[in-house]
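Positions are given from 1 along the sequence. First listed ligand is number 1; within each ligand, the first listed atom is number 1.
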Amino acid sequence: ASRAINNQGNIFKSPFDDVEIPHNFLHQEMWNNVDKWWNKIAIVSAVNGRSYSYEELRKLCGRFATSLRRNNLGPGDTLAIILPNIPEYAIASLGASEAGMMMTLISPALTVYEMSQQIIHSEAAAVITTQEIYSMIVDTVRKNPKHLPLIVVPNGNESISTGAINFTDLVSDGIDEFEKIGEQSRIYNENDTVILPYSSGTTGLPKGVELSHRNIIANIVQASHKEYDFDEPAIGEHQEIIPGFLPFYHIYGFVGCLLKNLRIGGKIICVPQFTSNIFLDVLDKNRSTVLYVAPPIVQLMTTDNRFNRKHMECVKCVVSGAAPTGTQLITKLYSKVNLNFHFGQAYGLTETSPMISRSKKSPWDSSGLIAVNTELRIVSEDDDKGGKNLGINETGEIVVKGPQVMKGYYKNPKGTEDCMDGNWFKTGDSGYIDDKGQLFITGRLKELIKVKGLQVAPAELENLIFSHDKVEDVAVIGTPHVKWGEVPKAFVVPKSGIKITEEDIKNYVAQRLSKYKHLHHVEFIDKIPKSAAGKILRKELSKV
Ligand code: 4UW
């Protein structure tokens, strides 16, 4: 790894030689070698066994794309995908890509209010969802815009509401390889946005992250680099078995797990709802070869007595990301199963498609080596050295440049400007690079709270609590939690002379926002500490 510390001007480079990033569209990149695993199962539901072979998947994507285009949806339009991890997720997303659309990924666990915020902000031209969610959202969502087409994926033979468009009908005819037939009247290119997930970035409310075909393909190539993949899949013979435990609406589950493994002919087992029972059941029934996890799952593996060596006998590699996994936890996992798999910590953000670095071996508290084609700077946060690039073993803000860095925030040039320094993206995380070129994450400079690896934006909670008529002022921070990493805590200043309880505030939030954003602690204080410019001094609150 000598090149990693070839840090001229304190710019750290990936230790691996640059590779060519293919010029392609996302869906086409998925089908590069598809004839080699044409008859194999691509994706299957862990709940009801519904599955699609690569042949079926390829054709259904083309047919879905045909339908979208015939309904005048194409480049410049956005499809909102509100689905749990079901096999049709792959058809909806890759079909949208084939039609030249953008897609915004929305968690089906959100409240109707939260979903509609993202639908409106992303200017979605159509929504694809389940019958259950359709019934919840139809009244709210149809108000704006009035005729927003709502597509429903039926569960098996389930009947769907009149007024909804049946997904099965949309894929029942159409053209298998839609893009080859020259109906592409509306042109798009590899630098056009294809995925529009939401992230709060360093500050404020969730923002649409514009990721292009090229961004995503680059990151899939980066994550598939031979230095991280311990066994190259033997094309046509061996098939990777990949449980999809992590939600596909999050960049990690979508790009890191689903897309990366479809491109190499893997078999994805969709887990629509995560519980410890389902987790163990999926591991019992399938000989998984790679596990994509987040720290709470590692926690479960080490503490649940039912989990054992048998569940991991075929596992070559466990990849963990989205939040730090402690060395102790990893050591515990190794001693519990006593097998020789690799444990790789991966680090990155929605804004970087997501991977920036990944570790191969110990030390496990490192987030590993910088991804191929990527450069990194550690920038001083001290006022006197402001903006200076730091050297080996010096801690500062992690700033990255590479083909995986987003185009910018959707309809938000100010937000984009704030986090970009030319082509360099400021992550809002702090860390350092050691003399072996390994990245260590030491903390977060930004407001973001991570609950079970999912983003919670303090600004979203603060805006909501502030709207309570008995609240004068409020600030929200994250506090440590044994199982979930962090949980939100609110500091509330009540209006003078008015009585309000901890329960009032907690319920007010619980009625409006999804569960992982709920407050675990509320503390009443006289005054929120703020800077002269009115910025909340969160560091001072965390000392309270
Ligand atoms: N250690 C410490 C980590 C780590 C971390 C993320 O929700 P987002 O925007 O994005 C993610 C991305 C997860 C991910 C990255 C790389 C990768 O290869 C992969 O697949 C295996 C998944 O969660 O949150 C971004 C923020 O989450 C924190 C950090 O603060 C970052 O800015 N974070 N990974 N290994 N912290």
By number and element, which atoms of ligand 1 are closer than 4.0 Å to a non-hydrogen atom of [X]?
X: M355; answer: 16 (C), 18 (O)
X: T350; answer: 7 (O), 8 (P), 9 (O), 10 (O)
X: K446; answer: 31 (C), 32 (O)
X: V319; answer: 21 (C)

Considering only protein heavy atoms, which is closest to [atom], and at what distance to one decimal place?
atom: atom 28 (C) of ligand 1; answer: A322 O, 3.7 Å
atom: atom 21 (C) of ligand 1; answer: Y252 CE1, 3.0 Å
atom: atom 35 (N) of ligand 1; answer: A346 O, 2.7 Å

Inset, instruction - Identify, with sequence neighbours excluded, every residue that meets salt bridge (Lys or Arg N to Asp or Glu O under 4.0 Å) alongside D365. - result: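 For D365, no residue satisfies salt bridge (Lys or Arg N to Asp or Glu O under 4.0 Å) once neighbours in sequence are set aside.
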Inset, instruction - State whether a side-chain donor-acceptor pair under 3.5 Å links T104 with Q118. - result: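 There is such a pair (donor and acceptor under 3.5 Å, judged by atom type) between the side chains of T104 and Q118.
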Between [X] and ligand 1, find which residue part has any heavy-atom pair under 4.0 Å and reply side chain, backbone, both or neither.
X: D429; answer: side chain
X: R358; answer: neither
X: A323; answer: backbone

Legend entry - Passing candidate, side chain to side chain contact (heavy atoms under 4.5 Å, CB included) with R358, options L369, I370, V319: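 So the option named by the test is V319.
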Inset, instruction - Look at the rings of H520 and W484 and say which category their plane angle falls in: under 30° parallel, 30 to 60° tilted, over 60° perpendicular. - result: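 Because their plane-to-plane angle is over 60°, the rings of H520 and W484 count as perpendicular.
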Inset, instruction - Anything under 30° is parallel, anything over 60° is perpendicular, the rest tilted; go ahead and classify F245 against F279. - result: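 F245 vs F279 ring planes: tilted.
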Legend entry - Heavy-atom side-chain contact between F491 and V474 under 4.5 Å: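 Of all side-chain heavy-atom pairs linking V474 with F491, none is under 4.5 Å.
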Inset, instruction - Compute the shortest N/O to N/O distance between R444 and ligand 1 and return yes if it is under 3.5 Å, no if not. - result: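 Yes; the residue has a nitrogen or oxygen that sits under 3.5 Å from a nitrogen or oxygen of the ligand.
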Legend entry - Single hit among K539, K535, R538 for salt bridge (charged side-chain N to carboxylate O under 4.0 Å, His left out) with E447: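 Among K539, K535, R538, the one meeting salt bridge (charged side-chain N to carboxylate O under 4.0 Å, His left out) with E447 is R538.
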